[in-house]
Trainee: 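I'd like to ask some things about the structure below.
Computation of the quantities below employed the complete heavy-atom set of this structure, encompassing side-chain atoms and omitting hydrogens, waters and symmetry-equivalent molecules.
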Amino acid sequence: MTQPSDRRFESRQPANARGLVVAPGLELPCVIVDQSGTGLRIRLERSFSLPSGVIVIDLVRGVAIEATLAWSKGLEHGLKQSGQASLRGLVPSRLAPAREAFRRAVG
């Protein structure tokens, strides 16, 4: 049963996947805790104030998830997903930094 404070229209799926948060001048490892079709929850290794717009790289799937910060609480952050793209081929220029970070992270 959905809790009253949970305003999602889609259910969250547990992910527990290794990720990387990328923004200008920023690359932070994270865990993608769970994900729905419109958002995701991540956990950072240390407390950090994220900028409003970030790209979260799902290192296992090789996908860049463009997102905006919806909320922060301690080490966890809720993000609203605005799009995603594979990093395993050609990418739009706006995702070039994410692709380079992905290559560094997975070798």
Trainee: Is any side-chain heavy atom of Arg41 closer than 4.5 Å to one of Trp71?
Mentor: yes

Trainee: Under a single-linkage definition using a 4.5 Å side-chain heavy-atom cutoff for Ile, Leu, Val, Met, Phe, Trp and Tyr, are Val22 and Leu87 assigned to the same hydrophobic cluster?
Mentor: yes

Trainee: Let's go through Ile55 and Ile65 carefully: what are the C-alpha distance in whole Å and the side-chain angles of both, what is the deciding distance for side chain to side chain contact (heavy atoms under 4.5 Å, CB included) to 0.1 Å, and is it a yes or a no?
Mentor: CA-CA 5 Å; Ile55 297 173; Ile65 304 163; 5.9 Å; no

Trainee: Quick check: do Leu69 and Val54 have side-chain heavy atoms less than 4.5 Å from each other?
Mentor: no

Trainee: Looking only at atom types and distance, does a side-chain atom of Ser47 sit under 3.5 Å from a main-chain N or O of Leu75, one as donor and one as acceptor?
Mentor: no

Trainee: Considering all heavy atoms of both residues, which atom of Val91 and which atom of Arg99 are nearest to each other, and what is their separation?
Mentor: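 Closest heavy-atom pair between Val91 and Arg99: CG2-CD, 3.8 Å.
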
Trainee: Please determine whether residues Leu28 and Val33 belong to a single hydrophobic cluster, defined as Ile, Leu, Val, Met, Phe, Trp and Tyr linked transitively by side-chain heavy-atom distances below 4.5 Å.
Mentor: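 No, it is not one cluster - the side chains of Leu28 and Val33 are not joined through contacts under 4.5 Å.
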
Trainee: Flag the pair Val21 / Leu50 as yes when at least one side-chain heavy-atom distance between them is below 4.5 Å, and no otherwise.
Mentor: yes

Trainee: Before accepting this row, confirm whether a basic side-chain N of the pair Lys73/Glu76 lies closer than 4.0 Å to the acidic partner's carboxylate O.
Mentor: no

Trainee: Give me the atom names and distance for the closest heavy-atom approach of Arg88 to Gly62.
Mentor: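 That would be NH2-N, 3.6 Å.
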
Trainee: Can you name the nearest heavy-atom pair linking Gly53 to Ala23, along with the distance?
Mentor: O-CB, 4.0 Å

Trainee: Report yes if some heavy atom in the side chain of Ile32 is under 4.5 Å from a heavy atom in the side chain of Asn16; otherwise report no.
Mentor: no

Trainee: Are any of the side-chain heavy atoms of Leu20 and Cys30 separated by less than 4.5 Å?
Mentor: no

Trainee: Counting heavy atoms not belonging to Arg61, are there more than 12 under 6.0 Å from its CZ?
Mentor: yes

Trainee: Nearest 0.5 Å please: distance from the CD1 atom of Ile57 over to the CD atom of Gln84.
Mentor: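 If we round to the nearest 0.5 Å, Ile57:CD1 and Gln84:CD are 12.5 Å apart.
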
Trainee: Flag the pair Leu79 / Val56 as yes when at least one side-chain heavy-atom distance between them is below 4.5 Å, and no otherwise.
Mentor: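 Leu79 vs Val56: side chains touch.
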
Trainee: With a 4.5 Å heavy-atom cut-off, do Leu44 and His77 have their side chains touching?
Mentor: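 In short, these two side chains touch, coming nearer than 4.5 Å.
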
Trainee: Taking the side chain as every heavy atom from C-beta outward, state whether Leu59 and Val106 have any atom pair closer than 4.5 Å.
Mentor: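 Leu59 vs Val106: side chains touch.
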
